[in-house]
Amino acid sequence: MTSHMAREVAEIPQAAARFLDRARPALADTARALRDRDPAVLATVARGSSDHAATYLKYAVELQAGLPVASIGPSIASVYRRPLRLAGGACIGISQSGQSPDIVDLMAAAVAGGALSVAITNHPDSPLAQAATHCLPLEAGEERSVAATKTFVNSVVAGLALLAEWQDDAPLRAALEALPEALAQAVALDWQPLSDRLQDASHAFVLGRGPAIAIAAEAALKLKETCGLHAEAYSAAEVLHGPAAIVQARFPVLVLGVEDAALPHVRDTTARLAAQGADVFVTGTDAPGATRLPHVAALHPLVAPLVLIATHYACVEGLARRRGFDPDTPPHLRKVTETL
């Protein structure tokens, strides 16, 4: 029987296209507000997969707009009840459900502190959307699997689309228009060599640089929650500052390389870990001793990392079943997580 996760991964291209088609008015309105505000700083608030989307947006905004982006811990407002001084700034809250009280509390605190506020959520009538001045509904449709897939992708798409409108970035707009087709290609790719290696693994590293760090974090989370595999995400630079010490013979490593300025550095790390005896799987480049996985090439560097996660989701859904797990119902987890 086909899992909910498999069906939802297959729906990713259509979900992205639906958002890009329906969100135009909301994107234009929110981008206009950001231009009028011209914020000196952008804050994000999110947890879990949504926080990985926020990290992706952090890199994209810093690279394209030169604006510093900071993640604020939700407990600042929900537990510690401290006010925020965000006059002249903006705050983006990301949550699939828009229901977690700590995310809502921090958004309310940001608004009280003077921030221009934007909610990115699949539920435009949620408390998070109501707490914010602007809302970008994800238009992902119902997501029944506990593991977020199409809502994560659309959260990143929403952030990138807002950035493109805000900065009047024609190349990024064009890349987003072509994104659904790239995602359709990605979902169909086969990472069987990685699945074979991870079938009996107990641990793994996932590496990236730039926006791909966010995708590495999301990829590692999915290995944990759907496959019961202890995976840790690192920058391809940061891993050399300590964590590489535990990489020995047959240690599995997934390296997410894309065609951007960081790729030569990613290649060097890949080769070094392979030389230590690791079983390294890499996208976007060849490296001595590593297995190259297929990926959709020649993409805009700000969308290329996102496309990789579609292939990873498809791989992980099958890997979960090979390891004896139901990918739809990870143990001890619920679809909507409410924290304080």
Side-chain angles (χ1 to χ4, degrees), residues 23 26-138 152 154-169 211 213-214 217 302 337-340:
L27 286 167
D29 179 61
T30 307
R32 188 181 309 111
L34 283 167
R35 286 193 297 270
D36 291 344
R37 172 62 63 97
D38 190 20
V41 65
L42 178 65
T44 64
V45 52
R47 289 200 188 278
S49 288
S50 294
D51 199 35
H52 302 156
T55 300
Y56 199 113
L57 182 58
K58 167 187 169 66
Y59 276 94
V61 169
E62 291 176 347
L63 287 167
Q64 297 301 95
L67 181 70
V69 181
S71 172
I72 301 179
S75 63
I76 294 298
S78 64
V79 174
Y80 297 104
R81 300 294 177 184
R82 303 303 297 169
L84 295 171
R85 293 185 291 175
L86 285 171
C91 181
I92 297 180
I94 307 176
S95 171
Q96 179 270 326
S97 69
Q99 294 183 34
S100 190
D102 52 354
I103 305 298
V104 176
D105 282 354
L106 186 56
M107 179 61 79
V111 172
L116 185 156
S117 56
V118 182
I120 296 176
T121 178
N122 205 35
H123 296 275
D125 58 348
S126 65
L128 178 65
Q130 293 170 9
T133 306
H134 300 271
C135 180
L136 300 179
L138 292 179
F152 170 80
N154 272 23
S155 295
V156 176
V157 172
L160 292 176
L162 178 59
L163 176 62
E165 293 304 311
W166 173 18
Q167 298 294 307
D168 193 20
D169 188 328
I213 291 175
L302 285 187
T337 302
E338 297 185 6
T339 49
L340 295 174

S.K.: Taking the side chain as every heavy atom from C-beta outward, state whether Ile103 and Met107 have any atom pair closer than 4.5 Å.
M.R.: no
S.K.: Once you round to the nearest 0.5 Å, how far does CG of Leu162 lie from CG of Leu57?
M.R.: 7.5 Å
S.K.: Taking all non-hydrogen atoms of both residues into account, name the closest pair between Tyr56 and Leu302 and its distance.
M.R.: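 Closest pair (atom of Tyr56, atom of Leu302, distance): OH-O, 2.6 Å.
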S.K.: Hey, what do you get for CG (Leu67) to CH2 (Trp166), rounding to the nearest 0.5 Å?
M.R.: 5.0 Å
S.K.: Indicate whether any N or O donor in one side chain lies under 3.5 Å from an N or O acceptor in the other, for Gln64 and Asp169.
M.R.: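 Per modelled atom types, Gln64 and Asp169 side chains form a pair under 3.5 Å.
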S.K.: Is there a donor-acceptor pair closer than 3.5 Å between any side-chain N or O of Arg82 and the backbone N or O of Ala77?
M.R.: no
S.K.: Under the side chain to side chain contact (heavy atoms under 4.5 Å, CB included) criterion, do Val118 and Thr133 qualify, and how do the steps go?
M.R.: CA-CA 6 Å; Val118 182; Thr133 306; over 6 Å; no
S.K.: Working to the nearest 0.5 angstrom, can you tell me the gap between Glu62 CD and Leu42 CG?
M.R.: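 Rounded to the nearest 0.5 Å, the CD-CG separation comes out at 9.0 Å.
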S.K.: Under 3.5 Å, is there a donor-acceptor pair between the side chain of Thr30 and the main chain of Ala26?
M.R.: yes
S.K.: Indicate yes or no: at least one non-hydrogen side-chain atom of Leu116 is less than 4.5 angstrom from one of Leu34.
M.R.: yes
S.K.: Quick one about Ser95 and Thr121 (side-chain donor to acceptor, distance below 3.5 Å, no hydrogens or angles considered), yes or no?
M.R.: no
S.K.: Report the residue from Val69, Thr55, Val61 that forms a side chain to side chain contact (heavy atoms under 4.5 Å, CB included) with Thr44.
M.R.: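 The residue from Val69, Thr55, Val61 that satisfies side chain to side chain contact (heavy atoms under 4.5 Å, CB included) with Thr44 turns out to be Val69.
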S.K.: Can you name the nearest heavy-atom pair linking Ser75 to Ser78, along with the distance?
M.R.: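 Looking at all heavy atoms of both residues, the shortest contact is CA-OG, 3.4 Å.
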S.K.: If only atom types and distance count, is the side chain of Arg35 paired as donor or acceptor with the main-chain N or O of Glu165 below 3.5 Å?
M.R.: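 It does hold such a pair.
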S.K.: Do any N or O atoms from the side chain of Ser126 and from the backbone of His123 form a donor-acceptor pair under 3.5 angstrom?
M.R.: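 Side chain of Ser126 to backbone of His123: a pair is present.
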S.K.: What closest approach, in Å, do Gly98 and Val104 show between heavy atoms, and which atom pair accounts for it?
M.R.: O-CG2, 3.9 Å
S.K.: For a quick test of reading the model, state the closest non-hydrogen atom pair linking Ala129 to Pro124 and the distance between them.
M.R.: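 Taking every non-hydrogen atom into account, CB-O, 3.2 Å.
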S.K.: Once rounded to the nearest 0.5 Å, what's the spacing between atom CG of Leu160 and atom CG of Asn154?
M.R.: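 Rounded to the nearest 0.5 Å, the CG-CG separation comes to 11.0 Å.
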S.K.: Considering non-hydrogen atoms only, spot the tightest contact between Ile72 and Ala43 and give its length.
M.R.: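 That would be CD1-CB, 3.5 Å.
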S.K.: Working note: Asp51 + Ser71, criterion side chain to side chain contact (heavy atoms under 4.5 Å, CB included); need CA distance, chi angles, decisive distance, verdict.
M.R.: CA-CA 8 Å; Asp51 199 35; Ser71 172; 3.9 Å; yes
S.K.: Report yes if some heavy atom in the side chain of Ile92 is under 4.5 Å from a heavy atom in the side chain of Ile94; otherwise report no.
M.R.: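 Heavy-atom side-chain distance check passes, below 4.5 Å.
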S.K.: Check the pair Val79 / Asp105 against side chain to side chain contact (heavy atoms under 4.5 Å, CB included), numbers first and verdict last.
M.R.: CA-CA 9 Å; Val79 174; Asp105 282 354; over 6 Å; no
S.K.: Between Ser100 and Arg47, is any pair of side-chain heavy atoms under 4.5 Å apart?
M.R.: no
S.K.: CG of Asp102 to CD1 of Ile76: how many Å apart, nearest 0.5 Å?
M.R.: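 Answer rounded to 0.5 Å: 12.0 Å.
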S.K.: How many angstroms lie between atom CG of Leu106 and atom OG of Ser117, to the nearest 0.5 angstrom?
M.R.: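 So the gap between those two atoms works out to 11.0 Å.
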S.K.: Compare every heavy atom of Ala131 with every heavy atom of Val111, then report the nearest pair and how far apart it is.
M.R.: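 In this case the closest contact between Val111 and Ala131 is CG2-O, 3.6 Å.
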S.K.: Let me see the working for Arg32 and Asp29 under side chain to side chain contact (heavy atoms under 4.5 Å, CB included), right down to the final yes or no.
M.R.: CA-CA 5 Å; Arg32 188 181 309 111; Asp29 179 61; 3.5 Å; yes
